[in-house]
Number of protein chains: 2
Amino acid sequence: MAEQGTQNQVSSGESLLFLTDEQLRRGIEAMFFAYRGFTADPDRILENLAYGRAHHRAIHFINRTPGTTVNNLLAILGVTKQSLNRVLRTLVEDGLVESRVGTRDKRERHLYLTEQGVSLERELSDAQRTRMRAAFRKAGPDAVTGFRTVLEQMMDPEMKRHYLAATEGSK
Amino acid sequence: MAEQGTQNQVSSGESLLFLTDEQLRRGIEAMFFAYRGFTADPDRILENLAYGRAHHRAIHFINRTPGTTVNNLLAILGVTKQSLNRVLRTLVEDGLVESRVGTRDKRERHLYLTEQGVSLERELSDAQRTRMRAAFRKAGPDAVTGFRTVLEQMMDPEMKRHYLAATEGSK
DNA sequence: AGCTTATGTCAGCCTTGTTGACTTTCCAAG
DNA sequence: CTTGGAAAGTCAACAAGGCTGACATAAGCT
């Protein structure tokens, strides 16, 4: 729908070579292939355990924001409560996550990683960070800035909100 | 495992502020949130049809390299032949993909999009490109260069090979 | 007291990944 | 010319992790 055409070479006097359909296709494939690498290392660790990527995501965000509520996690992860609950239940059963009844509002459950949970989180994020660190180092600081700028623009506004929320003061 | 510590401020005389664990965490979350945005638009189109993301990927790479073999597609997508075959079968049945027996090697099947397939590919990639284009435009050419540099470094070497294979001459 | 919110749970469905076993086709080496 | 093995396809069974719908409970709010 709404074919924009294959020519974007010149627009309003500026050279916009980086906006050709071919360049956009490259960007699309870069996202596809890079995301595979991005998840490959934690996936390898998780397949030995009884967990999957969904558990990793839950653990990551509970670690990032200890005491977060189920509802908040739901908004960040963008899945249904049934999906999240299935994951959360196994994590609580296995003693990786603790679910405490809220003090102010007793309907809410606040989620925390146990020692064991923190330990797995560290193992997973170390694996992921190692690859990210190598990529950042080879690419250099300017490339990293560009990387994050583009990704931020690619997010849905709602997701960008969640992204920025945990980023305050660490610009 | 192998905790690298939280300090990377100074290493071999250079300031490497962009390599702190906090910066890496930001990079990790940027990938997570951005990938969601990246797939959101095509996903919305696909859910009305009887197709999913797996169909989109197959269609994309058949369109990129018409006449590619099943084996080649297998290597690019990184799934089992049974998984791919299920997807390919429905696409052939629905008349979006044509599977031609190889002329040189008759065991191979060469895959092509039909008119209908090209049409769906265009609809999906237009949706995806529109978001990518907006992101690239707001971020600017230097950011786009950095974006691609980092993503390239993040790929598995095998995947990088596939990425670069379709990129020759369009640097 | 009654509505709303937060959470949990059961049941069932879909897509997409997996493994294992087996067949057909056909190139190529002995 | 036979035979080994590669390429492709198929069937069956299974699992993870999405989804919807329905319903239960507790607690906050009006």
Side-chain angles (χ1 to χ4, degrees), chain A residues 32 35-36 39-40 42-62 67-94 97-112, chain B residues 32 35-36 39-40 42-62 67-94 97-112:
Chain A
F32 171 70
Y35 197 79
R36 289 260 297 277
T39 54
D43 281 357
R44 254 188 296 275
I45 294 169
L46 288 160
E47 76 180 8
N48 301 323
L49 313 168
Y51 300 134
R53 224 175 266 179
H55 300 83
H56 182 191
R57 291 195 284 261
I59 288 174
H60 173 95
F61 285 106
I62 294 171
T68 188
T69 64
V70 173
N71 240 4
N72 188 25
L73 207 49
L74 240 33
I76 288 175
L77 296 176
V79 297
T80 58
K81 63 173 180 172
Q82 292 93 329
S83 263
L84 177 57
N85 195 256
R86 179 168 37 196
V87 165
L88 239 33
R89 201 188 317 155
T90 69
L91 290 175
V92 169
E93 278 170 7
D94 297 354
V97 167
E98 198 190 338
S99 169
R100 296 185 207 153
V101 173
T103 48
R104 220 191 46 198
D105 186 335
K106 290 178 191 165
R107 290 169 306 177
E108 296 180 338
R109 300 301 139 92
H110 297 274
L111 303 169
Y112 300 88
Chain B
F32 171 71
Y35 197 78
R36 288 260 297 279
T39 56
D43 280 358
R44 255 187 297 274
I45 294 169
L46 288 160
E47 75 181 7
N48 301 323
L49 312 167
Y51 300 135
R53 222 174 269 179
H55 299 83
H56 181 191
R57 290 196 285 261
I59 288 173
H60 173 94
F61 285 107
I62 293 171
T68 188
T69 64
V70 172
N71 237 9
N72 188 26
L73 207 49
L74 241 34
I76 288 175
L77 296 175
V79 297
T80 59
K81 63 175 179 172
Q82 292 92 330
S83 256
L84 177 57
N85 195 255
R86 179 169 36 202
V87 165
L88 241 30
R89 201 188 319 153
T90 69
L91 291 175
V92 169
E93 277 170 9
D94 296 354
V97 167
E98 197 191 337
S99 169
R100 296 186 207 153
V101 174
T103 48
R104 221 190 47 200
D105 184 337
K106 290 178 190 165
R107 289 169 303 180
E108 296 180 339
R109 301 300 138 94
H110 297 272
L111 303 168
Y112 301 87

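The sequence lines fix the lettering, A, B, ..., with proteins before strands; numbering per chain opens at 1.
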- Report the residues that fulfil ring pair (Phe, Tyr, Trp, His ring centres under 6.0 Å) with A:Y35, sequence neighbours left out, ordered by chain and then residue number. A:F38, B:Y35
Is there a side-chain polar atom (N or O) of [X] under 4.0 Å from OP1 or OP2 of [N]?
X: B:R109; N: D:dG9; result: yes
X: A:N71; N: C:dT7; result: yes
X: A:N85; N: C:dT7; result: no

Could you pull out every donor-acceptor pair under 3.5 Å between side chains of residues 82-92 of chain B and any protein atom, sequence neighbours left out?
{"from": "B:T90", "atom 1": "OG1", "to": "B:H55", "atom 2": "NE2", "distance (Å)": "3.3"}
{"from": "B:T90", "atom 1": "OG1", "to": "B:V87", "atom 2": "O", "distance (Å)": "2.8"}

All N/O pairs under 3.5 Å across the protein-nucleotides 17-21 of chain C interface:
{"from": "C:dG17", "atom 1": "OP1", "to": "B:R57", "atom 2": "NH2", "distance (Å)": "2.4"}
{"from": "C:dG17", "atom 1": "N7", "to": "B:R86", "atom 2": "NH2", "distance (Å)": "2.4"}
{"from": "C:dG17", "atom 1": "O6", "to": "B:R86", "atom 2": "NH1", "distance (Å)": "3.3"}
{"from": "C:dT18", "atom 1": "OP2", "to": "B:T80", "atom 2": "N", "distance (Å)": "2.7"}
{"from": "C:dT18", "atom 1": "OP2", "to": "B:T80", "atom 2": "OG1", "distance (Å)": "2.9"}
{"from": "C:dG20", "atom 1": "O6", "to": "B:Q82", "atom 2": "NE2", "distance (Å)": "2.9"}

- Sequence neighbours left out, what passes side chain to side chain contact (heavy atoms under 4.5 Å, CB included) with B:R36? Give chain and number order.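 So B:R36 forms a side chain to side chain contact (heavy atoms under 4.5 Å, CB included) with A:M159, B:F32.
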- Quick one: list whatever passes side chain to side chain contact (heavy atoms under 4.5 Å, CB included) with A:R104, sequence neighbours left out.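 By the side chain to side chain contact (heavy atoms under 4.5 Å, CB included) rule, A:R104 matches no residue at all.
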Run the side-chain hydrogen bond (donor to acceptor under 3.5 Å, both in side chains) test against [X] and tell me which residues pass, sequence neighbours left out.
X: A:H110; result: none
X: B:H60; result: A:E29
X: A:D43; result: A:R53

- Task: Can you see which heavy atom on A:V70 is nearest to which on A:L111, and at what distance?
- Result: CG2-CD1, 4.2 Å
- Might you point out which heavy atoms bring B:R44 and B:E47 nearest each other, and give the distance in Å?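 That closest heavy-atom pairing would be O-CG, 3.4 Å.
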Nearest whole Å is fine: how far is [N] [atom2] from [X] [atom1]?
X: B:L111; N: D:dA8; atom1: CG; atom2: C1'; value: 11 Å
X: B:N72; N: D:dA6; atom1: CG; atom2: C1'; value: 16 Å
X: A:E93; N: C:dG8; atom1: CD; atom2: C1'; value: 13 Å
X: A:E108; N: C:dT4; atom1: CD; atom2: P; value: 19 Å
X: A:L74; N: C:dT7; atom1: CG; atom2: C1'; value: 10 Å
X: A:L88; N: D:dG17; atom1: CG; atom2: P; value: 13 Å
X: B:R53; N: C:dC14; atom1: CZ; atom2: C1'; value: 14 Å
X: B:R89; N: C:dT15; atom1: CZ; atom2: C1'; value: 14 Å

Mind listing the N/O atom pairs, protein and nucleotides 27-30 of chain D, below 3.5 Å?
{"from": "D:dG28", "atom 1": "OP1", "to": "A:K106", "atom 2": "N", "distance (Å)": "3.0"}

- Message: Counting the atoms with a prime plus P, OP1 and OP2 as sugar-phosphate, which does A:H55 contact under 4.0 Å by heavy atoms, base, sugar-phosphate, or nothing?
- Response: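 Touches sugar-phosphate only.
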